[in-house]
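Chain naming here is simple, since letters A, B, ... match the order of the sequence lines and numbering starts at 1 in each.
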Protein chains: 2
Amino acid sequence: MRDPVELFREHLRSKNMRCTQERDEIVRALSKTKKHFRIEDLVTDLKAKGSAASRATVYRTIPLLIESRMIRVAESNPGEESAYEYIYGRGHHDHLYCTRCNAHIEFEERGIELLQMDVARHYGYKLVGHRLELYVVCPQCRETGAREI
Amino acid sequence: MRDPVELFREHLRSKNMRCTQERDEIVRALSKTKKHFRIEDLVTDLKAKGSAASRATVYRTIPLLIESRMIRVAESNPGEESAYEYIYGRGHHDHLYCTRCNAHIEFEERGIELLQMDVARHYGYKLVGHRLELYVVCPQCRETGAREI
DNA sequence: TTGGCTGCAAAGTATTTGCAACATG
DNA sequence: CATGTTGCAAATACTTTGCAGCCAA
């Protein structure tokens with residue numbers, strides 16, 4: 001697998017953008033994340049690592065990272081802070097979320113992916129991405145009374 | 001199909017909440033919407049209909065409507081205004097979005113729904129909902145150069 | 001050198017909330 | 001009439017932006 005920093009640099013070059021220390025540091029920090037991260041997590045992380053990258057730069061870099069397919073939006077709901085996920089070099093997967101305790105599990109179901117392509121093809125479109133979230137109630141939460149989506 | 005206003009009233013009663021004129025008006029306005037709506041659209045619509053329901057009341061009512069499964073989140077992305085969709089009494093469907101022109105198409109694929117249930121069952125969970133969005137580039141947009149998700 | 005990039009702080013947007021008046025049950 | 005609900009406006013929370021100095025190419 002290619003070095004993430006170098007890969008992102010190529011993406012920047014292809015757009016005639018500059019390879020800066022801040023952008024390198026952001027990619028380096030992200031490539032070590034395991035879970036979903038929020039902007040605030042990343043900013044704190046960078047600060048802890050002694051990086052100079054500011055919150056504004058992080059916000060400005062996120063769209064570039066999405067564009068280069070190194071990260072993707074993992075959670076986004078009205079009124080809630082969004083979470084992202086570093087995906088470069090990690091197997092594709094979707095998520096199961098417990099609507100009560102918010103725990104999440106990754107899964108992959110090839111059959112669903114294939115049917116998605118069928119659907120797009122059926123309408124004459126080219127599938128370029130998808131977002132699938134399954135909402136469940138996990139056994140531990142099943143007893144308590146809370147809202148279900 | 002039950003009257004949406006009455007159905008929502010029952011939901012409110014079941015939670016020991018009050019049936020107010022504002023809440024009735026919101027449901028009545030929603031039951032006539034066809035497309036995805038943003039909070040602002042709804043507020044404007046209510047004002048035009050002479051309803052007294054304010055923006056704050058709309059925001060406070062949305063979670064109740066989601067809970068009662070009369071509406072659902074249709075679009076939500078970081079930094080963008082969310083859009084909702086009235087779903088009561090309308091066939092279940094998911095969406096295809098063109099990432100360039102933002103047009104959207106509804107589709108239903110029973111096979112995907114069944115596989116989703118399999119996935120949840122496989123992990124020992126009860127599936128209570130899902131969100132599936134397919135991102136495509138429509139033929140008209142395919143020529144122009146724009147970002148793909 | 002010449003733009004693109006950065007940090008800072010200010011500005012925007014979307015959404016939530018405190019409070020006093022009001023309406024429902 | 002007791003308490004949930006409402007409108008208003010202020011407060012939040014998240015994200016974007018203008019600008020002057022900085023740095024990559």
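Ring planes of Tyr125(A) and Tyr123(A): parallel class, angle under 30° (limits at 30 and 60°). Ring geometry, Phe8(B) versus His11(B): the interplanar angle falls under 30°, so the pair is classed parallel (tilted spans 30 to 60°). Between His130(B) and His92(B), the ring planes are perpendicular. Angles over 60° get that label, and only those under 30° would be called parallel.
Counting heavy-atom neighbours within 6.0 Å of Glu6(B) CD, excluding the residue itself, gives a total above 12.
Here the C1' atom of nucleotide dC5(C) and the CZ atom of Phe8(A) are 13 Å apart, to the nearest Å. Atom-to-atom, CZ of Arg13(B) to P of dG25(C) comes out at 8 Å; the value is rounded to the nearest Å. As rounded to whole Å, 19 Å separates atom P of dG3(C) from atom NZ of Lys15(A). Spacing between atom CD1 of Ile62(B) and atom C1' of dA14(C) amounts to 13 Å, rounded to whole angstrom units. One interatomic measurement links the two molecules: CG of Asp41(B) to C1' of dA14(C), which rounds to 14 Å at whole-angstrom precision. Between the CG atom of Asp24(A) and the C1' atom of dA25(D) there is a distance of 15 Å, rounded to whole Å. Atoms CD (Glu22(B)) and P (dA21(C)) sit 18 Å apart, rounded to a whole Å. Distance CG (Leu64(B)) to P (dT16(C)): 12 Å, rounded to an integer number of Å.
For Phe37(A), the ring pair (Phe, Tyr, Trp, His ring centres under 6.0 Å) test picks out Tyr84(A), with sequence neighbours left out.
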For Arg2(A) and Glu10(A), run salt bridge (Lys or Arg N to Asp or Glu O under 4.0 Å): C-alpha distance rounded to whole Å, both residues' side-chain angles, the deciding distance at 0.1 Å, then the answer.
CA-CA 11 Å; Arg2(A) 307 283 309 288; Glu10(A) 275 174 29; 2.7 Å; yes

Provide a list of protein-nucleic acid N or O atom pairs under 3.5 angstrom, restricted to nucleotides 14-16 of chain D.
| unit_1 | atom_1 | unit_2 | atom_2 | d |
| --- | --- | --- | --- | --- |
| dC14(D) | OP1 | Glu81(A) | OE1 | 3.2 |
| dT15(D) | OP2 | Tyr59(A) | OH | 2.5 |
| dT15(D) | O5' | Tyr59(A) | OH | 3.4 |

Pairwise N/O distances under 3.5 Å, protein to nucleotides 21-24 of chain D:
| unit_1 | atom_1 | unit_2 | atom_2 | d |
| --- | --- | --- | --- | --- |
| dA24(D) | N3 | Arg18(A) | NH1 | 3.3 |

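Side chains of Leu64(A) and Met17(A) form a contact here, defined as non-hydrogen atoms less than 4.5 Å apart.
Closest non-hydrogen pair, Glu81(B) versus Ile39(B), comes out as OE2-N, 4.2 Å.
Along DNA chain D, the nucleotide closest to Asn16(B) and the one closest to Ala53(B) are compared, and the more 5′ of them pairs with Asn16(B). Heavy-atom distances to DNA chain D give each of Met17(A) and Ala52(B) a nearest nucleotide, and the one nearer the 5′ end belongs to Ala52(B).
Remark: side-chain polar atoms of Arg9(A) are not paired, donor with acceptor, to backbone N or O of Cys19(A) under 3.5 angstrom.
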